Each structure stands twice: as structure tokens, then as C-alpha cells.
There are 2 protein chains.
Amino acid sequence: MGRNAPIRSNRRKELIESTIAVIAAYGYHGTTVSRVAKAAGVSTGLMNFHFESKDKLFEAVFQHLESEYDQVWQERIAAAPQEPWPLLNVMIETYFDREVFTGEKLAVWFAFWSDPALRDKFRDAATAVERRYVKELERQVLEILADHPAVEKVAQRATGALSAMIDGFWLQALLYPKKFKTRDAVKSCIAFVQVIELYYRQERELADLRRELTGQRAPKSPEKT
Amino acid sequence: MGRNAPIRSNRRKELIESTIAVIAAYGYHGTTVSRVAKAAGVSTGLMNFHFESKDKLFEAVFQHLESEYDQVWQERIAAAPQEPWPLLNVMIETYFDREVFTGEKLAVWFAFWSDPALRDKFRDAATAVERRYVKELERQVLEILADHPAVEKVAQRATGALSAMIDGFWLQALLYPKKFKTRDAVKSCIAFVQVIELYYRQERELADLRRELTGQRAPKSPEKT
DNA sequence: TCAAATTTTGAACGATCATTCAGTCTGATG
DNA sequence: CATCAGACTGAATGATCGTTCAAAATTTGA
């Protein structure tokens, strides 16, 4: 088994990558064992030798994508300066990292999400990881907005909106790959947090200035976001 | 043919609605003619009598959803006060209207989007309508931010981010239907535009106050969003 | 009431699917 | 060199798919 294991796992990886390519090209609906086998240059029989069924193959594809994504996330976070703004930047950029944010992989994620059976099957696993990412996002947003009185609620809602925006850009990248610009998407996501922070900063400045100007004017409290 | 048309089109509508239910329950991948027939309580042969093929059936489903969506959009817009803020509110709410924003229909949209063949087939038709909606969104955002110097670019980017946020909430509604709160999503979308507008308003107030306070302090220009 | 037109049925057909398995190939071991 | 376990092949199998079509049921028009 000493030398066999790498052969076996290499082949598995090849087949998984071929599956990703086939799903992207033909959809989950059009992904047949023979197509994947042809794409990988092997016989159909080999598919059920390495994965005991088509379902198990999809399971392996899902776990491959998920662990790859998690690995990239961890690496990028670890390499980033541990301060709110740079960290948030890196997190948002990681959502669109070249290694995980690929036309093919995007197609596979949406293929999984749009199938009720797969959605139910992987929801818990995917949710756990995704929730962790959102929590880490939220922590940075929280620190960025630090001083505001109702930070927690604001940060929570803002992060929810931010993660929706990210998901939405993923969908747009899938639907209009030609038009989609990753850099613009990242910019928009960051600008979203920025404008909130700048708004609160201005609010404080404004209050200070008003106090400085005259004591007569009552401090106006603008609507909360 | 005078009396036949409604019978025929009623049956068509029934079959389309059954198809939507089946796609939502079994996915595009698991949507078979016999399943749809059983859901509608008819024989399999009838499917190919009313729609000459399975492809044509899906085409009809797509057109049904699209025209329904467009109809709701037009009605809601027409009934709304023709002023920027109320209009924007109505537009955002329409994206999540009970009639078109249903668990089943959501699942069908994503089923279409996640299949490469259907995506390519309907992209142009869907893009044309969607682009029109985004243009109408943008017009309102533009009017809301009216006075700012670089309004056009800001409004364009903000609207792009807004529509991404809306799409992202659609995806979240699909993935976590239990947790998803429509009202919160609408609130977040509106708050996004609000905070931008409030930011610019504060910016002007701040400039005025500074001018009023002393002529010594140079006007500071914060980063643009 | 009756014939024509329309709507509906369901068995049958060929195609394609996932899966199986008997047998071949390969390379390391003794 | 011979052996053997792991890697691999591809034809065969049974199930299921979309589609067809002759016949039945129903509705329509006179």
C-alpha cells in the first residue's frame, strides 16, 4: 500500500477535476459517468472502482471544493496583517480568489445549490463553514464600527447585507462571465463597509462641530441604518 | 376554436405549474415527464400533445415566469407614487413580492441559471428584462443622490452593488428558507441606499458648518465611495 | 342525436443511463 | 523469471428516460 496510495489518490483527484469540468460544461443534469470518463481519458468502469457510485463521486467533488476553499481562506487570513481593515480586505478578496473563484467551480457550486437533494445533503456541512466565515467578517466589521452605540446590531445587519452582496456577485459572475469584473466587485464590497464607517465618523464630527459652533442648536439624530 | 382555446391554455398553465412544483421538489435533474404528468394528474402522452417536447415545456415555464414577473413589476410601479424614494422602495419590494418570490419559483430560477444549456438559451431574453429593471433602479438612485458632483458613476456602482445584494438575498432565501426573513432583506437593501444618501448629505452639512465656523480650516475631502 | 374535432390515454420503442463483472494489463516482490 | 495484488477495461445488464401513436374518451357544432 506504500506506493499505491498516491497513485490511487492522484487518480481520484484527476477524476474529481474532470467531474468539475463536465459539470461546468454540461450541468449537473448532463453530467454522466461516461462523459466524465471520456474527459479524464479513462473507461467508465474505473469510475465505480475509485468511487463506488455516482453519488459518492459528487460527494467527493463537494468535499474537494469545500476543503480547498477552507484551505485558501485559512492561508490568506494567516498571511494578512491582523488588523480590522486589512483583514476585512483580505477576507473579501478571498471570496473572489483566483484559486477558488473560477468559472468552472462557480458553476459547480450553483449546480449543487440548485439541486434539492444535494442542497439538503450538504446544507449542514456547507452552512457550518460559511457561517464561520460570516462570523469572522462580522468581527472585523464590528471592530471597524467600534465606537458607535448600537454597533452590534448594525454590524450584524451590515455583515448580512455584505455577505448577500458577495453571493450576488457570485451569481452575476456565473450569469455574465464576460461582463463581470472581479476588481469592481471587491471594490463595491469594501466601499459598502467604508461608507457605513465614514457615515458614523462624519456623524461624530458633525456633533463635535455643532457643539463647538453654538450650544444653542440641539444635536440632531439622523435615522439609523 | 372559440371555446377550445381556454381549455387548451388552461391545461397548459396547469402543466406549467406542475412542472414548477416538480423542479422545486426534484431539481432540474430529477424533473421527468412522468413525474410532471403524475403531479398534474394526467398521462405522460399529454405532455407531448400540449408541448411538443420536454425542451419546449421548459421554454414555456421560463416564459411563464418571466412574463409573470414583468407583469407584477409593471403593476407595482404603476401603482406607486412617482417619486424617487417611494419608487425605489416599491422596486426593491417587488423583487421580493409574494407572487413572484416563492420558494418554488426561486428554485426554478436557480435551476435555469445553473444549467449551462438553459443559461445560454435564455440569457439574452432574461438579460434584456433584468437590465431594464436595473436601469430603472439606477434612475431612482441617481435622483436620490442628485446633487453630488460625480453622481453618475457613484449611482451606477451603487446600483450594481444593490442588485448584487438583491440577487444574494435570493440565493440566501433558496439555501436557508427557514432562516430567511424577507422584511430584513428589503430593509437592508433600502438601508444601503439610505446610508449613501445620508453620507452625502452629511458631507454637505459638514462643509457648510466648517465654512460657517472659520475660513481658516481648509475643506477636507474624504475618500469617495 | 350524430358525426367531426379535440383532448386524453397508456403501451411500446429506441436511446441512454449507472452499475456490474469477468477478464486484461502493469509493475513491484520474492 | 514467476507470481500476484492493484489498476484498469469495456461489453453486458436492467432500469428509466423522452417520444410516438393507434385507439378511446370527451367536447363541439348542427
Side-chain angles (χ1 to χ4, degrees), chain A residues 1-62 108 111-112 115-118 121, chain B residues 1-62 108 111-112 115-118 121:
Chain A
M1 223 229 283
R3 284 250 179 102
N4 305 350
I7 294 178
R8 201 178 172 98
S9 72
N10 279 344
R11 180 65 79 195
R12 274 180 66 97
K13 194 185 250 184
E14 280 176 34
L15 294 179
I16 287 174
E17 281 164 3
S18 293
T19 305
I20 291 173
V22 170
I23 293 177
Y26 299 94
Y28 177 53
H29 168 254
T31 297
T32 66
V33 173
S34 65
R35 262 209 256 260
V36 175
K38 182 172 285 181
V42 301
S43 67
T44 63
L46 198 61
M47 301 296 300
N48 286 65
F49 174 75
H50 287 287
F51 308 90
E52 57 185 83
S53 74
K54 198 188 179 189
D55 279 347
K56 293 285 173 74
L57 171 63
F58 284 128
E59 204 170 315
V61 169
F62 176 83
V108 175
F112 280 153
D115 187 89
L118 296 177
K121 189 172 185 180
Chain B
M1 224 228 282
R3 285 248 179 105
N4 304 350
I7 295 176
R8 202 181 172 98
S9 72
N10 277 345
R11 179 66 79 195
R12 274 180 65 98
K13 194 184 249 186
E14 280 177 34
L15 294 179
I16 287 174
E17 282 165 1
S18 292
T19 306
I20 291 173
V22 170
I23 293 178
Y26 298 95
Y28 177 54
H29 168 254
T31 298
T32 66
V33 174
S34 66
R35 263 208 257 256
V36 175
K38 181 172 286 181
V42 300
S43 66
T44 65
L46 199 60
M47 301 296 301
N48 285 64
F49 173 77
H50 286 286
F51 309 90
E52 58 185 82
S53 74
K54 198 187 178 189
D55 278 347
K56 294 285 172 74
L57 171 64
F58 284 128
E59 204 169 313
V61 169
F62 176 83
V108 175
F112 279 153
D115 186 88
L118 297 176
K121 189 172 186 180

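This is a predicted model, so every value here is computed, not measured. Every chain is numbered from 1 and lettered A, B, ... according to where its sequence line falls, protein lines coming before strand lines.
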Rounded to the nearest 0.5 angstrom, the OG-CE distance for A/S34 and A/M47 is 9.5 Å
Heavy-atom check, side chain of A/Y28 versus side chain of B/Y28, under 4.5 Å:
no
In the structure I gave you, are the side-chain heavy atoms of A/Y26 and A/T32 within less than 4.5 Å of one another anywhere?
no
Nucleotides 12-25 of chain C: protein proximity per nucleotide (B base, S sugar-phosphate only, - neither; heavy atom, under 4.0 Å):
-----SSSB-----
Measure CZ/A/F51 against C1'/D/dA7 and give the value in whole Å, please.
14 Å
Rounded to the nearest 0.5 Å, what's the gap from CZ on B/F58 to CD1 on B/I16? Could you check?
12.0 Å
Once Watson-Crick and G-U wobble pairs under 3.5 Å are found, how is DNA chain C written in dot-bracket notation, 5' to 3', with | for any base paired to another strand?
||||||||||||||||||||||||||||||
For B/H50 and C/dT7, give me the distance from atom NE2 to atom C1', rounded to whole Å.
7 Å
Close side-chain approach of B/R35 and B/T31, heavy atoms under 4.5 Å:
no
What is the distance, to the nearest angstrom, from the CZ atom on A/F49 to the C1' atom on C/dT26?
13 Å
Could you state the atom-to-atom distance from CZ of A/R12 to P of D/dC8 in whole Å?
13 Å
Distance, rounded to the nearest Å, where B/N10 contributes CG and D/dT27 contributes C1'
15 Å
Just to verify, what does A/F62 make a side-chain contact (heavy atoms from CB on, under 4.5 Å) with, not counting sequence neighbours?
A/E66, A/W109, A/F112, A/F122, A/A125, A/A126
Atom pair distance, as rounded to whole Å: NZ in A/K38 and C1' in D/dT9
15 Å
A/L15: which of A/R11, A/R12, A/K13 passes side-chain contact (heavy atoms from CB on, under 4.5 Å):
A/R11
Has A/R11 got a side-chain N or O lying under 4.0 Å from the OP1 or OP2 atom of D/dG6?
no
N/O donor-acceptor pair under 3.5 Å between B/K121 side chain and B/E59 backbone:
no
